[in-house]
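Report on the structure given below.
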There are 2 protein chains.
Amino acid sequence: MATATQDTELVGSLVQLMHVLQDLYAETSRPLGLTPQQAHLLCVLLDGPLGMTDLSRILSIERSSLTSMVDRLERRDLVARIPNPTDRRAFQITLTDAGLALAHEAHNAYTTQIEKRLTDLPASHRKTLITAIATITGHAQ
Amino acid sequence: MATATQDTELVGSLVQLMHVLQDLYAETSRPLGLTPQQAHLLCVLLDGPLGMTDLSRILSIERSSLTSMVDRLERRDLVARIPNPTDRRAFQITLTDAGLALAHEAHNAYTTQIEKRLTDLPASHRKTLITAIATITGHAQ
DNA sequence: TATTGTTATACTCTATAACTATA
DNA sequence: TATAGTTATAGAGTATAACAATA
């Protein structure tokens with residue numbers, strides 16, 4: 001059946017796209033002295049400080065794994081643990097000035113690299129892509 | 001400018017899609033007793049045996065990193081190092097029967113999970129997606 | 001000389017289980 | 001009791017540098 005074949009092809013395309021983007025993400029992070037995971041963490045914090053539990057949920061890692069990641073970034077003065085005034089158990093993980101600058105730098109670098117790969121894409125396809133991806137990721141457009 | 005805004009939105013969509021697919025890949029590998037990297041390796045070998053150098057290039061990792069990955073998979077009898085008859089330095093990394101079965105299982109699991117997310121996607125969007133992704137990943141359609 | 005693959009080493013990522021402090 | 005975060009531990013992924021064997 002034609003539809004089934006197209007589905008299989010699309011799934012393969014998506015997996016391949018994931019790997020291509022992963023490689024690009026890693027290659028772009030490296031010269032900035034960041035692992036892809038560290039870059040992801042910093043970029044998430046661009047939207048504002050978060051507690052450990054929220055951050056671990058967004059990054060899809062255990063809180064204990066996050067503890068050591070934050071330790072390493074804090075040692076490099078890229079993030080800081082700010083005590084939460086309303087809950088003495090909790091912290092707000094915040095970007096330092098250096099962390100903010102590096103997060104912007106990483107974000108710009110990815111954007112530049114990905115945009116390079118979009119140059120051959122017609123405007124109509126871009127619109128469809130945005131809508132289709134929103135459907136796949138399960139978010140409102 | 002409208003185009004610039006759409007570009008930014010598309011880049012963000014692609015990065016988010018990457019993370020969603022990564023998480024899905026990890027969650028699907030786990031119950032099979034595989035890390036996402038191990039699953040990737042096994043699935044690459046579905047297309048046939050490969051030497052260490054080729055495999056490291058396809059997986060975008062150093063040969064020395066691959067050595068330890070193959071060690072672990074070989075210990076579990078999922079892959080085997082077959083001596084290359086024409087080059088006594090080289091091996092062909094091959095799926096064992098168990099590895100082949102597990103690679104198929106992993107592949108089917110991803111396909112099922114991803115297809116679940118494609119149900120709401122109109123057929124016309126699927127066709128466009130396949131073409132657009134091919135452009136991004138830089139492959140012929 | 002160049003290439004194939006490994007070893008040694010160091011660091012990061014990650015999970016599980018048990019824990020402390022606070023709510 | 002439940003939640004926020006940490007510690008201890010173990011295993012996996014990764015890179016760099018140096019190496020042995022073969023081409």
Side-chain angles (χ1 to χ4, degrees), chain A residues 19 22-44 49-76 78-94 106, chain B residues 19 22-44 49-76 78-94 106:
Chain A
H19 288 307
Q22 274 180 341
D23 290 352
L24 185 148
Y25 207 85
E27 286 163 24
T28 310
S29 306
R30 183 101 89 103
L32 299 176
L34 296 172
T35 64
Q37 294 88 348
Q38 290 172 334
H40 189 193
L41 192 160
L42 295 184
C43 286
V44 164
L50 287 167
M52 292 293 284
T53 299
D54 286 342
L55 191 50
S56 72
R57 191 171 23 74
I58 291 173
L59 297 177
S60 304
I61 58 176
E62 293 294 323
R63 280 174 305 168
S64 60
S65 305
L66 183 57
T67 292
S68 43
M69 282 193 72
V70 169
D71 285 346
R72 284 186 286 272
L73 293 170
E74 196 175 32
R75 255 180 260 132
R76 292 167 63 181
L78 296 173
V79 305
R81 285 173 163 98
I82 309 294
N84 185 326
T86 69
D87 184 341
R88 275 165 34 200
R89 297 171 299 181
F91 296 106
Q92 293 289 103
I93 311 303
T94 317
Chain B
H19 288 306
Q22 274 180 341
D23 290 351
L24 185 149
Y25 207 84
E27 285 163 24
T28 310
S29 305
R30 183 100 88 104
L32 299 176
L34 296 172
T35 65
Q37 294 87 350
Q38 290 173 333
H40 189 193
L41 192 160
L42 296 183
C43 286
V44 164
L50 287 168
M52 293 293 284
T53 299
D54 286 342
L55 191 49
S56 72
R57 190 171 24 74
I58 292 172
L59 297 177
S60 305
I61 60 176
E62 292 295 321
R63 279 173 306 168
S64 60
S65 305
L66 183 57
T67 292
S68 44
M69 283 193 72
V70 170
D71 284 347
R72 283 185 286 272
L73 292 170
E74 197 175 31
R75 253 180 262 134
R76 292 166 64 180
L78 296 173
V79 305
R81 285 173 164 98
I82 309 295
N84 186 328
T86 69
D87 184 341
R88 276 165 33 202
R89 297 170 301 180
F91 295 107
Q92 292 290 104
I93 311 303
T94 316

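A, B, ... follow the sequence lines: proteins, then strands. Residue 1 opens every chain. All figures in this text were calculated on a predicted structure; none of them were measured in a lab.
Between R30(A) and the phosphate of dT16(D), there is a side-chain N or O to OP1/OP2 separation shorter than 4.0 Å. Between dT4(C) and R57(B), no contact under 4.0 Å exists linking OP1 or OP2 to a side-chain N or O. In terms of phosphate contacts, R72(A) brings a side-chain nitrogen or oxygen within less than 4.0 Å of OP1 or OP2 of dC13(C). An OP1 or OP2 oxygen of dT6(D) is reached within less than 4.0 angstrom by a side-chain nitrogen or oxygen of R81(A).
Distance from the side chain of S68(B) is smallest to dT14(D) among dT14(D), dT12(C), dA2(C). Out of dA23(C), dT6(C), dA4(D), the shortest distance to the side chain of R88(A) is found at dA23(C). Of the candidate nucleotides dA15(C), dT4(C), dT14(D), dA15(C) has the atom nearest to the side chain of E62(A).
No engagement by N84(B) is indicated, since no non-hydrogen atom pair under 4.0 Å with the nucleic acid exists. Contact annotation for S64(B): base contact, defined as any heavy-atom pair under 4.0 Å involving a base atom. Within 4.0 Å of T67(A), counting heavy atoms only, lies at least one base atom of the nucleic acid.
Along DNA chain C, the nucleotide nearest to T86(A) and the one nearest to S65(A) differ in position, and the one closer to the 5' end is contacted by S65(A). Taking the nucleotide of DNA chain C with the nearest heavy atom to each of D87(B) and Q38(A), the more 5' of the two is matched to D87(B).
H19(B) has its ring centre no less than 6.0 Å from the ring centre of Y25(B).
Two residues are said to be in side-chain contact when any heavy atoms from C-beta on lie closer than 4.5 Å; T35(A) and Q38(A) meet this criterion.
Taking atom CG on L66(A) and atom P on dT16(C), their separation rounds to 15 Å, with Å as the unit. In this entry the distance linking CD1 of I61(A) with P of dA12(D) reads 19 Å, nearest Å. Put simply, CG on L34(B) is 10 Å from P on dG13(D), counting in whole angstrom units. Rounding to whole angstrom units, CG of residue D71(A) and P of dC13(C) are separated by 11 Å. Rounded to an integer number of Å, the gap from CE of M69(B) to P of dG5(C) is 16 Å. Between R89(B) atom CZ and dT4(C) atom P the separation is 6 Å, expressed in whole Å. One interatomic measurement links the two molecules: CD of Q37(B) to P of dA15(D), which rounds to 11 Å at whole-angstrom precision. Rounding to whole angstrom units, CZ of residue R63(B) and P of dA20(D) are separated by 16 Å.
A salt bridge does not link R63(B) to D54(B): none of the charged nitrogens lies less than 4.0 Å from a carboxylate oxygen.
The main-chain N or O of I61(A) is never found under 3.5 Å from a side-chain atom of S65(A) such that the two would form a donor-acceptor pair.
The side-chain contact (heavy atoms from CB on, under 4.5 Å) test with L50(A) is passed by exactly one of I93(A), T94(A), L59(A), V44(A): V44(A).
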